[in-house]
Peer 1: 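One structure, as structure tokens, below. Some questions next.
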Amino acid sequence: QVQLVESGGGSVQPGGSLRLTCAASESASCMAWFRQAPGKEREGVAAIYPAYGDTEYVGSVKGRFTISRDKAKNTLYLQMNSLKPEDTAMYYCAAVPSSVGCSLNWIWSPSKWPSWGQGTQVTVSS
């Protein structure tokens with residue numbers, strides 16, 4: 001299992017920005033950000049192949065959020081701009097070990113991701 005630690009959450013006004021960070025204990029074949037609001041199912045936000053930089057986003061965050069990584073540091077980022085109240089949720093980092101194959105399409109299948117961080121809260125409110 002890949003050990004993951006998220007940071008960077010907080011409270012921000014609508015239209016503001018936050019940058020989430022996920023530190024991984026080792027390299028991964030796929031990494032992603034998910035979020036879960038109270039009373040709702042966990043949903044994918046963005047995914048990336050760390051080795052190649054290919055990315056996938058869900059429609060609600062396209063053009064506002066950017067997923068990126070630092071391969072040398074095994075670190076994942078999520079830059080969130082133009083935040084909306086509906087972005088309020090606990091944000092989780094997920095990963096697939098480098099020894100296992102994966103697909104960015106797994107962004108729509110949380111159950112396929114074997115490694116998860118503890119989450120970081122993002123609250124968007126005026």
Side-chain angles (χ1 to χ4, degrees):
Q1 298 285 357
V2 181
Q3 303 301 313
L4 303 168
V5 179
E6 303 99 331
S7 61
S11 295
V12 64
Q13 292 186 340
S17 298
L18 283 174
R19 189 194 196 203
L20 306 183
T21 298
C22 173
S25 59
E26 59 188 81
S27 60
S29 55
C30 288
M31 297 189 77
W33 289 99
F34 288 79
R35 65 186 180 187
Q36 188 168 18
K40 294 188 176 181
E41 294 186 354
R42 190 167 297 189
E43 64 171 356
V45 175
I48 189 170
Y49 286 127
Y52 310 109
D54 299 49
T55 58
E56 184 71 48
Y57 296 91
V58 295
S60 60
V61 306
K62 280 184 179 178
R64 301 190 298 122
F65 291 10
T66 302
I67 188 171
S68 63
R69 87 297 186 207
D70 183 326
K71 287 195 295 182
K73 296 181 179 180
N74 290 329
T75 300
L76 182 71
Y77 304 99
L78 185 67
Q79 178 65 45
M80 305 185 293
N81 299 328
S82 302
L83 282 161
K84 304 175 181 180
E86 51 264 42
D87 295 318
T88 295
M90 185 72 78
Y91 282 71
Y92 297 91
C93 176
V96 178
S98 58
S99 60
V100 180
C102 61
S103 168
L104 296 186
N105 289 332
W106 290 7
I107 192 176
W108 286 279
S109 302
S111 63
K112 291 187 176 181
W113 297 79
S115 301
W116 292 88
Q118 82 288 349
T120 186
Q121 178 68 37
V122 172
T123 302
V124 185
S125 173
S126 55

Peer 1: Supply the atom-to-atom distance Ser115 OG to Met31 CE, rounded to the nearest 0.5 angstrom.
Peer 2: 9.0 Å
Peer 1: Sequence neighbours left out, what pairs pass side chain to side chain donor-acceptor pair (under 3.5 Å) with at least one residue falling in residues 75-84?
Peer 2: Ser17-Asn81, Gln79-Asn81
Peer 1: So, do Pro114 and Gln1 sit near enough that their side-chain heavy atoms are less than 4.5 Å apart?
Peer 2: yes
Peer 1: Got more than 12 heavy atoms from elsewhere within 6.0 Å of CD, Glu41?
Peer 2: no
Peer 1: Would a hydrophobic clustering, with Ile, Leu, Val, Met, Phe, Trp and Tyr connected at side-chain separations under 4.5 Å, put Val96 with Val5?
Peer 2: no
Peer 1: Grouping I, L, V, M, F, W and Y whenever their side-chain heavy atoms are under 4.5 Å apart, do Tyr57 and Leu20 come out in a common cluster?
Peer 2: yes
Peer 1: Identify all side-chain donor-acceptor contacts of residues 119-126 below 3.5 Å with residues at least two apart in sequence or on another chain.
Peer 2:
{"residue": "Thr120", "atom": "OG1", "partner": "Gly9", "partner atom": "N", "Å": "3.1"}
{"residue": "Gln121", "atom": "NE2", "partner": "Ala89", "partner atom": "O", "Å": "3.4"}
{"residue": "Gln121", "atom": "NE2", "partner": "Thr123", "partner atom": "OG1", "Å": "3.4"}

Peer 1: Drop me the distance from Lys112's NZ to Trp106's CH2, to the nearest 0.5 angstrom.
Peer 2: 6.5 Å
Peer 1: Please report the interatomic distance CZ(Arg19) to OG(Ser7), rounded to the nearest 0.5 Å.
Peer 2: 9.5 Å
Peer 1: Testing Thr66, Val61, Leu18 one by one against Met80 for a side-chain contact (heavy atoms from CB on, under 4.5 Å), which residue passes?
Peer 2: Leu18
Peer 1: Are Leu76 and Thr21 close enough, and set up right, to give a side chain to side chain contact (heavy atoms under 4.5 Å, CB included), and what steps lead you there?
Peer 2: CA-CA 6 Å; Leu76 182 71; Thr21 298; over 6 Å; no
Peer 1: I'd like to check Trp116 versus Arg42 (side-chain heavy atoms, cut-off strictly below 4.5 Å). Are they in contact?
Peer 2: yes
Peer 1: Identify every side-chain donor-acceptor pair in residues 49-56 under 3.5 Å, counting partners at least two apart or on other chains, and give the distances.
Peer 2:
none

Peer 1: For residues 98-105, dump all side-chain donor-acceptor pairs below 3.5 Å to protein atoms at least two apart in sequence or in another chain.
Peer 2:
{"residue": "Ser103", "atom": "OG", "partner": "Asn105", "partner atom": "N", "Å": "3.1"}

Peer 1: Pairs in or reaching into residues 68-100: which pass disulfide bond (SG atoms under 2.5 Å apart), with residues at least two apart or in two chains?
Peer 2: Cys22-Cys93
Peer 1: List the residues meeting salt bridge (charged side-chain N to carboxylate O under 4.0 Å, His left out) with Glu43, not counting sequence neighbours, and say none if there are none.
Peer 2: Arg35
Peer 1: Can you name the one residue among Tyr92, Tyr91, Trp113 that meets ring-ring contact (aromatic ring centres under 6.0 Å, His included) with Phe34?
Peer 2: Trp113
Peer 1: Going by heavy atoms in the side chains, are Pro85 and Pro14 under 4.5 Å from each other?
Peer 2: yes
Peer 1: Say whether Met90 and Val58 are linked into one hydrophobic cluster, either directly or through other cluster members, by side-chain heavy-atom distances under 4.5 angstrom.
Peer 2: no
Peer 1: If every non-hydrogen atom of Lys40 is compared with every non-hydrogen atom of Gln36, which pair is closest and at what distance?
Peer 2: O-NE2, 3.1 Å
